[in-house]
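What follows is a single structure, written as structure tokens, with notes after it.
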Amino acid sequence: MYEVVHSLGPIVIPMPDLDLRSRFATALRAVRPLRDAPDAAADNAALPDPYIYADALLARWAEPQRRYHTTDHLLAVLDHIDTLADHADDPDLVRLGAWFHDAVYRPDRSENEDRSARLAERALPEAGLDQDQTYEVARLVRLTTTHAAEPGDRNGAVLCDADLAILAAAPAAYAAYTAAVREEYAFVPEEAFRAGRAAVLEQLLALPRLFSTPYGEQEWEARARQNLAAELRQLTAP
């Protein structure tokens, strides 16, 4: 364990996941603007080490209140973004959006996405992104509040589909997902949880489609609807 102090705050870092750390560093370096001026070499060399931010974010993703929104979920979302990368305009910015989209997560609060976006807005300029790039990552993070990407929003469609891909998981994996969500909301009484979860499922099933990318619509839509309908039947059974 060691402590990092910067705009992300003082955070005690557990043993990091080496693959995830590398994936964050690769995405960040891919989008950091390189300066072409004759004296730019020193500025580029002075950009912060990406691993500082990877470690700080991994510490957040490993917080004890998490059961579903863990590094396993982060890894799954990143893998799905890799699958969908051809559908994004800026896949590395989408990957950074995935890193930040649940960086702040308290199951008893409703402003997690906005707080996560504001964290990105503080950290990414310091890490070397320009204003437009930072805005785009923060926008993507806030979009995961509704998962309602507008037509033509290719980056938003990819992040939202990657985040929702768990809905199309095989039955055992879907059952593990729902059990982990219930654990995160252990403070909610059973009857209230069942009613609230059922309302969420009904809203999802009422959407004209759950996934916005061609891949998601073709590969995940039908399975996701089957899983959602089965869970809803279980929740509402007498």
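For the numbers below, each heavy atom of this structure counts, side chains included, while hydrogens, waters and symmetry mates do not. Counting from 1, the numbers follow the sequence of the chain as shown.
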Identify the heavy atoms of [X] and [Y] that sit nearest to each other, and give their distance.
{"X": "L210", "Y": "A224", "result": "CD1-CB, 3.7 Å"}
{"X": "A138", "Y": "A117", "result": "O-CB, 3.7 Å"}
{"X": "P48", "Y": "R32", "result": "O-NH1, 2.9 Å"}
{"X": "A103", "Y": "L119", "result": "CB-CD2, 3.8 Å"}
{"X": "A120", "Y": "P125", "result": "O-CD, 3.9 Å"}
{"X": "A98", "Y": "L78", "result": "CB-CD2, 3.9 Å"}

Could you tell me whether a side-chain N or O of [X] sits under 3.5 Å from a main-chain N or O of [Y], the two making a donor and an acceptor?
{"X": "E221", "Y": "F211", "value": "yes"}
{"X": "S22", "Y": "L18", "value": "no"}
{"X": "T144", "Y": "V141", "value": "yes"}
{"X": "R154", "Y": "D86", "value": "yes"}
{"X": "R223", "Y": "A168", "value": "yes"}
{"X": "Q65", "Y": "P107", "value": "no"}

For residues 186-195, the side-chain hydrogen bond (donor to acceptor under 3.5 Å, both in side chains) pairs (sequence neighbours left out) are R182-E190
same_hphob_cluster([X], [Y]) at 4.5 Å side-chain heavy-atom cutoff:
{"X": "L57", "Y": "Y105", "answer": "no"}
{"X": "L164", "Y": "L74", "answer": "no"}
{"X": "I81", "Y": "L75", "answer": "no"}
{"X": "L167", "Y": "Y215", "answer": "yes"}
{"X": "Y177", "Y": "L201", "answer": "yes"}

Within the 4.5 Å heavy-atom criterion, are [X] and [Y] side-chain neighbours or not?
{"X": "L28", "Y": "L129", "value": "yes"}
{"X": "L159", "Y": "L143", "value": "no"}
{"X": "F24", "Y": "L58", "value": "no"}
{"X": "F187", "Y": "Y185", "value": "yes"}
{"X": "D92", "Y": "L96", "value": "no"}

Residue F193 excluded, over 12 heavy atoms near CZ under 6.0 Å: yes
With sequence neighbours excluded, residues passing side chain to side chain donor-acceptor pair (under 3.5 Å) with [X]:
{"X": "Q226", "value": "none"}
{"X": "T213", "value": "D161"}
{"X": "D90", "value": "N155"}

Exactly one candidate in E136, E121, E113 meets salt bridge (Lys or Arg N to Asp or Glu O under 4.0 Å) with R142; the answer is E121
Got a second to check how far [X]'s [atom1] is from [Y]'s [atom2], nearest 0.5 Å?
{"X": "W99", "Y": "L20", "atom1": "CH2", "atom2": "CG", "answer": "4.5 Å"}
{"X": "D79", "Y": "L84", "atom1": "CG", "atom2": "CG", "answer": "11.0 Å"}
{"X": "T71", "Y": "R60", "atom1": "OG1", "atom2": "CZ", "answer": "15.0 Å"}
{"X": "I166", "Y": "D72", "atom1": "CD1", "atom2": "CG", "answer": "10.5 Å"}
{"X": "E219", "Y": "T83", "atom1": "CD", "atom2": "OG1", "answer": "10.0 Å"}
{"X": "T236", "Y": "R197", "atom1": "OG1", "atom2": "CZ", "answer": "13.0 Å"}

Among H147, H73, H69, which one satisfies ring-ring contact (aromatic ring centres under 6.0 Å, His included) with H101? H73
Residue pairs passing the salt bridge (Lys or Arg N to Asp or Glu O under 4.0 Å) test with at least one member in residues 99-111, sequence neighbours excluded, are none
Please assess R67 against V181 for the test side chain to side chain contact (heavy atoms under 4.5 Å, CB included), listing each intermediate value before the final yes or no. CA-CA 7 Å; R67 294 295 182 273; V181 170; over 6 Å; no
Can you name the residues that form a salt bridge (Lys or Arg N to Asp or Glu O under 4.0 Å) with D82, not counting sequence neighbours? R23, R95
